[in-house]
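One structure is given here, and the rest of the page talks about it.
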Amino acid sequence: PPPPAAEPDSPWWPKAASAGPTPGSIGWLWPEETGTRGGGGRWKPPGRRRYRTAALAAAGVIVLGGAGVFIGMALHSTPVAALGPAKSSASATGQPSPSPDPVPTISPTLNPNAAALTAAAGWITQQVAPGTDIACDASTCAALTAAGFPADQEVQVGINTQSLSDASLVVMTPELNTFFSAVNPGLGSEVAPVVLASFGQVSIEVIDPAGAGAYENELSQDVQARIQVGEQLLDSGQVTASPTAESELAAGDVDSRVLLALQALANQEPIDILDFGDSGPGASPGVPFRTVDLAEMDPGVSAQGYLPTIASVLKAHATFPLYQHVGPVTLADGQTAIEIQYSAPSPLGLLSP
């Protein structure tokens, strides 16, 4: 029979090693005094291997730590600008990670006076006489064009503007007001402090090349002339009016063109004035009413039948300014009236001899 196999030599270290760090712990990397040789002596590994292992471990810790800091910063930082749509990436569990919140875009600030500009442009398009040139800044001119106002009647005010005499009205905005007061005060001196209509911080004002003071003097004289003609109408015996209309006639609050039309009509037959109106929202004191509503004097004649008579009287006077509108209108109380309307701005000095 074959000889029995020789037993393997037992290892030179003890089988039952003393308790020491388990693999994976820091002490496992450099066990200075964690293991013993048989014989009880302290075992110290070669110095070169020891320090090489320690250096590699330290470098790994630094790399992992730096990567953690970088990832943390990337996750908590807000990107400056999004270059494209965010794509979801798979996490370690295989589930798609949520996309980061979209970066809010900075939209251009809306003009806080946009609604007021739109309202002012609509009023100008409906109320201002055809052929009237209007001074405006760039945004206001754009609003006027959008509302249907002719572009060739817009006088855009710029840094090189020397005079506003080419325009009769100006649309004043906070920006234009600042330009007149701080950049070019000479232009502002041509704007009369009389508001025909206002919408928030936007107003329609009159331009007088002679200056604001000259316009105010003309306006004061025109009011006195209007008061005189209004009193003449009330004393003629041909005119009846509501209490409000009487007080407005006596105060000179009625447009000179309306007064001339009422005089011509009263010379033909008695008239009944229901009300005056349409001076413009937020108009300054002294800005006259440009609209009058007349009642039907003959119960047997409808408004449609009364209208040709009024139109023929107004057209018979060649020196009369052209009216903007004449026609029947239904008032708030349901009454039908004949409305005569003139456009803005009201001329000054029309009643002077």
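What you see is a predicted model, and the numbers here were worked out from it, not measured in a lab.
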Quick one: do Thr145 and Glu154 satisfy side chain to side chain donor-acceptor pair (under 3.5 Å)? Show the steps, please. CA-CA 9 Å; Thr145 303; Glu154 301 169 3; 2.8 Å; yes

Please examine the side chains of Val329 and Asp293, heavy atoms only from C-beta on, and report whether any two atoms are closer than 4.5 Å. yes

Flag the pair Leu249 / Ile273 as yes when at least one side-chain heavy-atom distance between them is below 4.5 Å, and no otherwise. yes

Decide whether Ile207 and Ile124 are clustered together by the hydrophobic rule: side chain heavy atoms of Ile, Leu, Val, Met, Phe, Trp, Tyr closer than 4.5 Å, transitively. no

Residue pair Phe289 / Val258, side-chain heavy-atom distance below 4.5 Å: no

Transitively linked via ILVMFWY side-chain contacts under 4.5 Å: Leu117 with Val128? yes

Can you find a heavy atom in the side chain of Glu218 that is under 4.5 Å from one in the side chain of Asp208? yes

Determine yes or no for a side-chain-to-main-chain donor-acceptor pair under 3.5 angstrom, with Ser220 supplying the side chain and Asn217 the backbone. no

Please tell me whether Val183 and Val170 are part of a single hydrophobic cluster in this structure, the criterion being side-chain heavy atoms less than 4.5 Å apart. yes

What's the shortest heavy-atom distance between Pro288 and Arg226, and which atoms? CB-NH1, 3.2 Å

Modelled atom types, side-chain donor and acceptor of Asp272 and Thr240, under 3.5 Å: yes

Can you give me the closest heavy-atom contact between Ala212 and Ala192, atom names plus distance? CB-CA, 3.9 Å

Arg290 and Gln324 side chains, donor-acceptor separation under 3.5 Å: no

Could you walk me through whether Leu351 and Leu260 pass the side-chain contact (heavy atoms from CB on, under 4.5 Å) test, one step at a time? CA-CA 8 Å; Leu351 301 177; Leu260 290 175; 3.8 Å; yes

Gln238 vs Gln268, test: side chain to side chain donor-acceptor pair (under 3.5 Å). Steps then yes/no. CA-CA 9 Å; Gln238 290 288 97; Gln268 299 293 324; over 6 Å; no

Pair Met172-Val202, side-chain contact (heavy atoms from CB on, under 4.5 Å): steps then yes or no: CA-CA 6 Å; Met172 291 295 295; Val202 179; over 6 Å; no

CA sep, side-chain torsions, deciding dist, call: Val157, Phe180, side-chain contact (heavy atoms from CB on, under 4.5 Å): CA-CA 10 Å; Val157 179; Phe180 286 156; 4.2 Å; yes

Path from Leu219 to Leu169 over hydrophobic side-chain contacts below 4.5 Å: yes

Are Leu196 and Pro345 side-chain neighbours, meaning at least one heavy-atom pair lies under 4.5 Å? yes

I'd like to know if the side chain of Thr140 pairs up with that of Asp137 as donor and acceptor (distance under 3.5 Å, no hydrogens or angles considered). yes

So, for Pro321 and Arg257, which heavy atoms are closest and what is the spacing to 0.1 Å? CG-CG, 3.4 Å

Any sub-3.5 Å donor-acceptor pair from Asp278's side-chain atoms to Thr291's backbone N or O? no

State, yes or no, whether a side-chain contact exists between Val195 and Ser284 at a heavy-atom distance under 4.5 Å. yes

Indicate yes or no for a side-chain donor-acceptor contact from Glu190 to the backbone of Leu164 under 3.5 Å, with no hydrogens or angles considered. yes

Between Gln201 and Pro174, is there a donor-acceptor pair closer than 3.5 Å when you use the side chain of the first and the backbone of the second? no

Does any non-hydrogen side-chain atom of Phe276 lie less than 4.5 Å from one of Glu248? yes

Can you hop from Val326 to Leu274 via hydrophobic side chains spaced under 4.5 Å? no

Using a 4.5 Å cut-off on heavy atoms from C-beta on, say whether the side chain of Val239 contacts that of Leu262. no

Passes side-chain contact (heavy atoms from CB on, under 4.5 Å), Ser346 versus Val287? Steps please. CA-CA 8 Å; Ser346 299; Val287 176; 5.7 Å; no

What I want to check is whether the side chains of Ser165 and Ser163 have a donor and an acceptor closer together than 3.5 Å. yes

Phe199 and Ala116: which non-hydrogen atoms are nearest, and at how many Å? O-CB, 3.1 Å

For Gln263, does its backbone N or O pair with a side-chain atom of Asn267 as donor and acceptor, under 3.5 Å? yes

